[in-house]
Engineer: 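Mind having a look at this structure? Questions to follow.
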Amino acid sequence: MFEARLMNATILKKILDAVKDLLNEGTFDCSDSGIQLQAMDNSHVSLVSLTLRSDSFDKFRCDRNLSMGMNLGTMAKILKCANNDDTVTIKAQDNADTVTFMFESQNHEKVSDYEMKLMNLDQEHLGIPDTDYSCVVRMPSMEFARICRDLAQFSESMVICCTKEGVKFSASGDLGSANVKLAQTSNVDKEEEAVIIEMQEPVTLTFACRYLNAFTKATPLCNQVQLSMSADVPLVVEYRISDLGHIRYYLAPKIEE
Amino acid sequence: SQTQGRLDSFFKVI
């Protein structure tokens, strides 16, 4: 028996919004420790890694490890049927071929349940090595979303250059070029507005704007985003999900031919 | 010129 309950549907809705542009389907691995989803997009350029810790759910029971392959488009449709302040309970029997989403209104007067067929997904799991990144940038997530949106008008790809002075985002194409420089915040009044750079070595990497823009769909989950970069390895874009866990996106850099 | 890398060349399948 698997059962996980959250007092508020909003977070699950936001999580689905943050993954459904990149993934059509995914396997939710459920265990005592929580729920994990790891899946690459079809082109194997980016990877989504979602972790939700069991102790942050309002109720969590997982008698046996369970892998549930879900169509994320269908899951998003079902979650749209929940009001933001509804309690959500996800339930599945051991070895079941369906999962049930139950929504309960705050006054307990409306209860709805939606059953969804599970899928057998033959997905590859990737081992992601622990990496000491040369540069780790923390910045407001809205600012990152804005930069990705603005620079995508100029080119398919964006160069991110990080030094100890700051981080520079650049795009250049037929229309012209764009550069946005952010300096490290000198005095932090509000932590969520700060730009903080931890640099071991300067890094310059090029990434496809399309994927970066897809990652920014997670912006409503967290005020801050963390970018971790090292030369010639995938970028990690991380959004914390309050005290529930995190969503990390990995993106392969563009490489010299 | 640059080409798009794939994650398979960085991370191993387990």
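Bear in mind that the values here come from a model prediction, so they are computed numbers and not experimental data. Computation of the quantities below employed the complete heavy-atom set of this structure, encompassing side-chain atoms and omitting hydrogens, waters and symmetry-equivalent molecules.
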Engineer: Could you grab the distance from atom NZ of K254(A) to atom CD of Q4(B), nearest 0.5 Å is fine?
Structural biologist: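 Interatomic distance, K254(A) NZ to Q4(B) CD, rounded to 0.5 Å: 5.5 Å.
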
Engineer: Heavy-atom count check: over 12 atoms from other residues, nucleotides or ligands less than 6.0 Å from M119(A) CE?
Structural biologist: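 Result for CE/M119(A): enclosed.
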
Engineer: Report, as yes or no, whether the 6.0 Å neighbourhood of atom CG on D132(A) holds more than 12 heavy atoms from other residues, nucleotides or ligands.
Structural biologist: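 No, not enclosed.
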
Engineer: For R240(A), is the CZ atom crowded, meaning more than 12 foreign heavy atoms sit under 6.0 Å from it?
Structural biologist: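 No - once you tally the heavy atoms of other residues, nucleotides and ligands closer than 6.0 Å, there are 12 at most.
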
Engineer: Nearest 0.5 Å, what's the NZ-CG distance between K12(B) and L126(A)?
Structural biologist: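 Here the interatomic distance stands at 11.5 Å.
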
Engineer: So which atom in G127(A) and which in F11(B) form the shortest heavy-atom distance, rounded to 0.1 Å?
Structural biologist: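 Closest approach of G127(A) to F11(B): O-CB, 3.6 Å.
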
Engineer: Which pair of non-hydrogen atoms, one from L251(A) and one from L7(B), has the smallest distance, and what is that distance?
Structural biologist: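 In this case the closest contact between L251(A) and L7(B) is C-CD2, 4.3 Å.
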
Engineer: Are the aromatic ring centres of Y250(A) and F10(B) under 6.0 angstrom apart?
Structural biologist: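 No.
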
Engineer: Flag yes if more than 12 heavy atoms outside E156(A) fall under 6.0 Å of its CD atom; otherwise flag no.
Structural biologist: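 Open: at most 12 neighbouring heavy atoms sit under 6.0 Å from CD of E156(A).
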
Engineer: Could you tell me whether Q2(B) atom CD has more than 12 heavy atoms of other residues or ligands within 6.0 Å of it?
Structural biologist: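 Yes - once you tally the heavy atoms of other residues, nucleotides and ligands closer than 6.0 Å, there are more than 12.
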
Engineer: Minimum heavy-atom separation for G5(B) to A252(A), with atom names?
Structural biologist: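 In terms of heavy atoms, the two residues are closest at O-CB, 3.3 Å.
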
Engineer: Taking D232(A), V233(A), I128(A) one by one, which has the highest count of heavy-atom pairs under 4.5 Å against chain B?
Structural biologist: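 Most heavy-atom pairs within the cutoff with chain B belong to I128(A).
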
Engineer: Measure S157(A) against the heavy atoms of chain B and call it side chain, backbone, both or neither at under 4.5 Å.
Structural biologist: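 No part of it gets close to chain B.
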
